[in-house]
Amino acid sequence: MGWIGDTVDSIKSIQIRQLLTQAVSLGMIVTSALIIWKALMCITGSESPVVVVLSGSMEPGFKRGDILFLHMSKDPIRAGEIVVFNVDGREIPIVHRVIKVHERQDTGEVDVLTKGDNNYGDDRLLYAQGQQWLHRHHIMGRAVGFLPYVGWVTIIMTEKPIIKYILIGALGLLVITSKD
């Protein structure tokens, strides 16, 4: 009958109790992942403790598909640090190097200017219209480590959603048809 026929027979033979057990197990896995993510957020002080480099703007230091680990402390931001920031009106965070820091004498607030290592000019064209500097609330974190190429999984699943759905479907079938 083949693999598909065996899979269909396996699904038909599942009892309610086994199905509920597998659903609870899947729920525990998802909940555990969320708890780990929230714990990382608390430990690192960053709203997104892990990001994927999506473009070649930081080459040769970081390549497309590298995963960066972020940390956000109260220490002042310095020129030369690599930061991940959000810009008003854009959904995707940007990974670039701080090239200039401007400290306001009256308030002590720090404004920063960034640039991709592989870009010709600074990032003022990427900022919101009329914005000349990034403020502390724009910065999600500083890069403190990276894993090369591991983020390609995320990039591929984002750019080719059919692969994501096939993978989710295959994992779902695996969970449903597995025997304890």
In one Ile/Leu/Val/Met/Phe/Trp/Tyr side-chain cluster, 4.5 Å: V87, M72: yes
Rounded to the nearest 0.5 Å, the CG atom of L134 sits from the CD1 atom of I77 at a distance of 9.0 Å
Side chain to side chain donor-acceptor pair (under 3.5 Å) involving R97 - partner list, sequence neighbours excluded: D117
Starting from M58, can I reach V150 by hopping between I/L/V/M/F/W/Y residues whose side chains sit under 4.5 Å apart? no
Least distance between heavy atoms, K115 atom then N119 atom: NZ-O, 2.6 Å
hydrophobic_cluster_shared for I155 and Y149, side chain cutoff 4.5 Å: yes
Among V110, L113, D111, side-chain contact (heavy atoms from CB on, under 4.5 Å) partner for V101: V110
Set out, in order, the CA-CA distance, both residues' side-chain angles and the distance that settles side chain to side chain contact (heavy atoms under 4.5 Å, CB included) for D66 and V52, then state yes or no. CA-CA 6 Å; D66 290 352; V52 177; over 6 Å; no
A side-chain contact here means heavy atoms from C-beta on lying under 4.5 Å apart; do P93 and N86 qualify? yes
Specify the closest pair of heavy atoms between L68 and F146, including all atoms of both residues, with the distance to one decimal. CD2-CB, 3.5 Å
Check the hydrophobic clustering (I, L, V, M, F, W, Y; side-chain heavy atoms under 4.5 Å; chains of links allowed) and say if V144 and V50 are grouped together. yes
Test R90 against L126 for side chain to side chain contact (heavy atoms under 4.5 Å, CB included), laying out the working first. CA-CA 9 Å; R90 289 182 174 238; L126 295 175; 3.6 Å; yes
Which residue pairs pass the ring-ring contact (aromatic ring centres under 6.0 Å, His included) test when at least one of the two sits in residues 21-53, sequence neighbours left out? none
Mind checking what makes salt bridge (charged side-chain N to carboxylate O under 4.0 Å, His left out) contact with E109, not counting sequence neighbours? R104
From V53, I94, V95, residue fulfilling side-chain contact (heavy atoms from CB on, under 4.5 Å) relative to V84: V95
Atom pairs and distances, donor-acceptor, side-chain atoms in residues 156-164, under 3.5 Å, two or more places apart:
{"unit_1": "T158", "atom_1": "OG1", "unit_2": "T154", "atom_2": "O", "d": "2.9"}
{"unit_1": "E159", "atom_1": "OE2", "unit_2": "R64", "atom_2": "NH2", "d": "2.3"}

Selection residues 66-125 - residue pairs positive for ring-ring contact (aromatic ring centres under 6.0 Å, His included), sequence neighbours left out: H102-W133
Would you sort out whether R142 and D75 count as a side chain to side chain contact (heavy atoms under 4.5 Å, CB included), showing the intermediate values? CA-CA 11 Å; R142 299 175 172 106; D75 297 335; 4.3 Å; yes
Between T114 and D123, does any side-chain donor sit less than 3.5 Å from a side-chain acceptor? yes
Spacing of CD belonging to Q131 relative to CG belonging to L125, to within rounding of 0.5 Å: 12.0 Å
Output yes when a side-chain donor or acceptor of N118 lies under 3.5 Å from a complementary backbone atom of G56, and no otherwise. yes
Separation of T31 OG1 from L26 CG (nearest 0.5 Å): 9.0 Å
Cluster check I139, Y127: I/L/V/M/F/W/Y, side chain < 4.5 angstrom: yes
Got a list of side-chain donor-acceptor pairs under 3.5 Å for residues 38-47, not counting sequence neighbours?
{"unit_1": "T44", "atom_1": "OG1", "unit_2": "L40", "atom_2": "O", "d": "2.8"}
{"unit_1": "T44", "atom_1": "OG1", "unit_2": "S46", "atom_2": "N", "d": "3.3"}
{"unit_1": "S46", "atom_1": "OG", "unit_2": "S48", "atom_2": "N", "d": "3.3"}
{"unit_1": "S46", "atom_1": "OG", "unit_2": "S48", "atom_2": "O", "d": "3.1"}
{"unit_1": "S46", "atom_1": "OG", "unit_2": "M140", "atom_2": "O", "d": "2.8"}

